[in-house]
Amino acid sequence: MKEASLMATSQKKFSKSKCGVHGTWVIAEPLWGDSGKGKFSEFFGQQADMVVRYAGGDNAGHTVALKGKEFKLHLIPGGIFNPKALCVLATSVVINPFALVKEIQQLQENGIKISQKNFLISEDAHLILPWHQLRDGLGEKARGGEKIGTTGKGIGPAYGDRTMREGLRVRDLLDTKFSEKFKREAEWQMKLIRLMGGDESSLDVTKTLKDLKSVTQFLKPMIANTFEVIQKYQQKGKKIIGEGAQGALLDIDLGGYPFVTSSHPGVTGFSIATGIQHKEVNKVLGVVKAYSTRVGSGPMPTELQDKICEHLRTVGHEFGATTGRPRRCGWLDAVAVRYGAKVAGIDSLILTKIDILDQLKEVKICVGYKVGSKKYSSIYTAHPEWMAKAKPMYTTLPGWKQDTSKVRKFSDLPKNAQKYIQKIEAVIGLPIEVVSVGPEHQQTLLK
Ligand code: IMP
């Protein structure tokens, strides 16, 4: 695969810098996702021996741009473009086997080699099957005006089954008694669907079983005890990247419940899925956009509904990579980033899409919330009822009115852009190590 081996010069320089991958790194997000983890999983994945996706399912949409070509990944880690890296779907990922096979085949059609030599799937991961998507939709319908705004991929029902110790796992596909297990499971799922007022006749269970058998033949060589493989890589001191999905404000425990996903997008999720503990992780990089976006329901204190929002959405192509939904857009919420960074265990930041602000006369950063008469510069909850009352307090800085997408050195960024970045660091209290001015490798600036 040409793209795979064409590592841009910036990447080579990067590996010599202080940002050269060593030990175990995790790439996570402090807010609501969609900030560009895909670019950095691929970018750092070029230096890694292993890239592990540790949470979520095909609700994620990671965009990778290589030499003008765009790839949309939903399950497969960005490390797949490095032919020397072993990519892993770890235990806590929920896997729609049909979506996975489709994604593998699409990448293969584009010349990317994928086999058990560079891609493994945890035998303990739970499966997403068509009834989970049906239940996801029924759940949303039942919530009426209180919809979560899920991606409809069956994430919540699949994780729900896992917590109830129901559902089927990847290892079941290999079981000689799979057909019996599947039929038993199907009966249980049909009962649930009927209880939810759904119409189970839209599911063709016999066909699903037949299709699963051919999917299993395809995936079988890649199914493994990934815990063992990951542990052995770690013991040998190999370079490991953990690729997160979604963002910390969508964390099932510390996010804005119930407007959350069903997993742990931060370093906690990585530890649960891999057995590599937080204290053994050398760096947690948080990817955050130079402005904020959210898809789905739930409060977003800096959300705008004006020309600035339109500008951010249009120039920034802010449409969901998985569902195509327009994203809600607003100024960078540094208060929420600080909270999310704590939840995700983030040590330093990558600031992406600063080029989208290039044309603006002035730029704003949310540095505090006003709730009633009280002012907050730090928050200790993402509880939606409380957050919905938060009025953002902004600091306004002059814009830079210059094209940054062709800048190749941090020090060459317009002075006002540098001041904006410094202000973000000061408010959040974390260093920004990398600034991204576009999707390609060479649009990656070291600070
Ligand atoms: P679910 O994960 O499909 O159950 O959706 C729950 C919430 O998480 C919804 O608000 C989704 O829009 C949001 N969500 C899920 N995956 C992503 C993602 O990859 N990026 C951004 N938001 C996401």
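Start at 1 and go down the list; that is how both ligands and their atoms are numbered. Position 1 is the first residue of the sequence; numbering continues from there.
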(request) For atom 16 (N) of ligand 1, find the nearest protein heavy atom and state the residue, atom name and distance (0.1 Å precision). (result) Q246 NE2, 3.1 Å
(request) Select one of side chain, backbone, both or neither to describe which atoms of R325 lie under 4.0 Å from any atom of ligand 1, heavy atoms only. (result) side chain
(request) Mind checking whether V295 contacts ligand 1 via backbone (N, CA, C, O), side chain (CB onward), both or neither, at a 4.0 Å heavy-atom cut-off? (result) both
(request) May I ask you to identify the nearest protein heavy atom to atom 2 (O) of ligand 1, giving residue, atom name and distance to one decimal place in Å? (result) T261 OG1, 2.6 Å
(message) According to salt bridge (Lys or Arg N to Asp or Glu O under 4.0 Å), who are the partners of E185, at least two apart in sequence or on a separate chain?
(response) none
(message) Side chain, backbone, both or neither: which applies to W32 and ligand 1 if a contact is any heavy-atom pair less than 4.0 Å apart?
(response) backbone
(request) Please tell me if the side chains of Y369 and D333 come closer than 4.5 Å, counting only heavy atoms from C-beta onward. (result) yes
(request) Decide, yes or no, whether a salt bridge links K37 with E243 under the criterion of side-chain N to carboxylate O below 4.0 Å. (result) no
(request) Kindly confirm or rule out an N or O of K153 lying under 3.5 angstrom from an N or O of ligand 1. (result) no
(message) Between N110 and K69, do the side chains contain a donor N or O and an acceptor N or O under 3.5 Å apart?
(response) yes
(request) Could you tell me whether V260 approaches ligand 1 through its side chain, its backbone, both or neither, with non-hydrogen atoms closer than 4.0 Å? (result) backbone
(message) Can you confirm if the aromatic rings of W131 and F182 lie within a centre distance of less than 6.0 Å?
(response) yes
(request) Output every pair passing salt bridge (charged side-chain N to carboxylate O under 4.0 Å, His left out) with a member in residues 342-352, not counting sequence neighbours, ordered by first then second residue. (result) none
(request) Kindly state whether the ring of W386 and the ring of Y376 have centres lying under 6.0 angstrom apart. (result) yes
(message) Tell me whether H74 contacts the main-chain N or O of A60 through its side chain, where contact means a donor paired with an acceptor under 3.5 Å.
(response) yes
(message) Need the ligand 1 atom indices (1-based, order shown) with element for anything under 4.0 Å from a heavy-atom of G149.
(response) 9 (C), 10 (O), 11 (C), 12 (O)
(message) With respect to D34, determine whether any N or O atom, backbone or side chain, lies less than 3.5 Å from an N or O atom of ligand 1.
(response) yes
(message) Using ring centroids (six-membered ring only for Trp), state whether F270 and Y54 fall under 6.0 Å.
(response) yes
(request) Could you tell me the residue and atom name of the protein heavy atom closest to atom 3 (O) of ligand 1, and the distance to it rounded to 0.1 Å? (result) T151 OG1, 2.6 Å
(request) Using a strict 4.0 Å cut-off to heavy atoms of G296, name the atoms of ligand 1 that fall inside it. (result) 10 (O), 12 (O)
(request) Around atom 5 (O) of ligand 1, find the nearest protein heavy atom and jot down its residue, atom name and distance. (result) T150 CA, 3.3 Å
(message) As a check for students: among I252, N59, L250, V94, identify the option with a heavy atom nearest to atom 13 (C) of ligand 1.
(response) L250
(request) Assess A60 for proximity to ligand 1: is some non-hydrogen atom of it under 4.0 Å away? (result) yes
